[in-house]
Number of protein chains: 2
Amino acid sequence: MMHISTKGEYGVRVMIDLARYYNKKLRSLTDISQDEGLPVQYLEQLIKKLRDADLVMSARGAHGGYQLSRPPEEIRMSEVLSVLEGALSPYACLSVNGAEVACGWDKLGSCSTRSLWARLQEAIISTLESITLNELVDSEPPAPIRVPEQQRNIKIQL
Amino acid sequence: MMHISTKGEYGVRVMIDLARYYNKKLRSLTDISQDEGLPVQYLEQLIKKLRDADLVMSARGAHGGYQLSRPPEEIRMSEVLSVLEGALSPYACLSVNGAEVACGWDKLGSCSTRSLWARLQEAIISTLESITLNELVDSEPPAPIRVPEQQRNIKIQL
DNA sequence: TTTAATCCGAGTAACTCACTCAGAATTAAT
DNA sequence: ATTAATTCTGAGTGAGTTACTCGGATTAAA
């Protein structure tokens with residue numbers, strides 16, 4: 001359970017990549033995809049979300065690319081992940097901003113599991129809010145890697 | 001993201017139901033499903049996992065049913081949910097018991113996101129370990145409810 | 001004008017989810 | 001002994017999600 005999808009994983013990787021080059025140069029998706037070993041066309045979808053949420057800025061045309069809209073220390077992982085993966089809530093009863101959504105049970109006054117999900121959500125959100133992008137950036141940009149095709153999409157069952 | 005499935009949700013509800021009747025009587029699945037408003041045949045699948053994990057015991061035949069194997073205060077939600085939903089890890093790099101699984105990136109020494117998922121996992125597991133089943137049980141068994149069919153499976157998008 | 005890039009919408013194979021269906025095995029009550 | 005109530009087991013399924021790909025339009029530097 002509770003696994004994050006490649007949207008979140010790849011998106012965070014992209015953000016870390018951009019943080020390494022913050023205030024240095026624009027990064028094109030082809031560069032990012034080569035250095036991080038991720039499929040370009042899939043990244044296009046992800047970075048659209050990041051741009052719509054104003055976490056990154058883009059420049060079109062030749063020698064275009066992306067850069068962070070804000071310094072890495074002002075970008076919290078809660079923001080990044082909620083943009084990429086949707087609400088950080090483990091259950092429909094609860095939403096990110098505190099607004100509540102009705103479900104069949106709580107209308108009938110019997111949502112015994114609610115406090116469980118509420119506490120879990122609180123834990124998830126507060127940890128993700130406490131981590132900023134610059135904490136995940138190692139000073140040196142590592143050498144470009146190539147991940148073999150077969151080693152993607154690994155999942156643990158039980 | 002981070003949403004739990006109905007396996008987890010229903011399974012926790014079943015455990016809460018059984019906790020209410022702990023040391024009182026056996027509960028049949030048809031009773032549970034009627035009182036909680038959940039589909040019987042789906043519960044059969046879920047409770048099999050709970051039984052295999054020795055969280056509940058069963059008695060077959062007429063007037064059979066289920067009961068908790070241990071008192072509710074000795075059952076942690078981390079146990080229940082990992083049985084129902086699989087590992088509580090947000091990413092394949094990390095597993096519940098601390099044993100590590102290789103992924104394409106960390107073998108190449110470039111798993112920049114690892115510490116993020118590690119901290120998230122730590123938060124999730126420690127909160128779920130801190131909550132025992134009896135904390136979720138309200139003293140009085142509530143009146144049986146009937147959840148209208150349409151109101152299941154509600155999900156928030158973004 | 002060529003080339004390199006972002007943008008955009010659609011399509012898709014594989015998988016997961018949330019169940020249902022059919023029936024066998026076991027036990028209590030009659 | 002028969003019936004009824006229950007747990008057990010395995011298989012199937014429609015809808016949705018995931019993790020992509022494909023084809024092309026748009027923009028801008030060289």
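A, B, ... follow the sequence lines: proteins, then strands. Residue 1 opens every chain.
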Phosphate oxygens OP1/OP2 of [N]: is one of them under 4.0 Å from a side-chain N or O of [X]?
X	N	answer
B/Tyr42	C/dC17	no
B/Thr6	C/dA18	yes
B/Tyr10	C/dA18	no

No-H, no-angle donor-acceptor pair, A/Gln45 side chain to D/dT18 base, under 3.5 Å: no
Residue pairs fulfilling ring pair (Phe, Tyr, Trp, His ring centres under 6.0 Å) with at least one residue in residues 58-85 of chain A, sequence neighbours excluded: none
Expressed as a whole number of angstroms, how long is the span from [X]:[atom1] to [N]:[atom2]?
X	N	atom1	atom2	result
B/Leu46	D/dT9	CG	P	15 Å
A/Leu26	D/dA28	CG	C1'	13 Å
A/Leu43	D/dT21	CG	C1'	13 Å
A/Leu84	D/dA19	CG	P	12 Å
B/Lys49	D/dT7	NZ	C1'	18 Å
A/Leu38	D/dC20	CG	P	9 Å
A/Gln41	C/dA10	CD	C1'	13 Å

Nearest heavy atoms of B/Glu9 and B/Ile4, plus distance in Å: N-CD1, 3.5 Å
All salt bridge (charged side-chain N to carboxylate O under 4.0 Å, His left out) counterparts of B/Asp17, not counting sequence neighbours: B/Arg27
All salt bridge (charged side-chain N to carboxylate O under 4.0 Å, His left out) counterparts of B/Glu73, not counting sequence neighbours: none
Side-chain (B/Ser28) to main-chain (B/Asp31) donor-acceptor, under 3.5 angstrom: yes
Selection residues 121-134 of chain B - residue pairs positive for salt bridge (Lys or Arg N to Asp or Glu O under 4.0 Å), sequence neighbours left out: none
Between protein and nucleotides 4-7 of chain C, what N or O pairs are separated by less than 3.5 Å?
unit_1, atom_1, unit_2, atom_2, d
C/dA4, N3, A/Ala62, N, 3.3
C/dT6, OP1, A/Leu29, N, 2.8
C/dT6, O2, A/Arg60, NH2, 3.2
C/dC7, OP1, A/Arg51, NH1, 3.0
C/dC7, OP1, A/Ser58, OG, 2.5
C/dC7, OP2, A/Arg51, NH1, 3.2
C/dC7, OP2, A/Tyr66, OH, 2.9
C/dC7, O5', A/Arg51, NH1, 3.3
C/dC7, N4, A/Glu44, OE1, 3.3
C/dC7, N4, A/Glu44, OE2, 3.0

Pair up each side-chain donor or acceptor in residues 41-62 of chain B with any protein partner under 3.5 Å, not counting sequence neighbours, and list the distances.
unit_1, atom_1, unit_2, atom_2, d
B/Tyr42, OH, B/Thr6, OG1, 3.1
B/Lys48, NZ, B/Asp52, OD2, 3.1

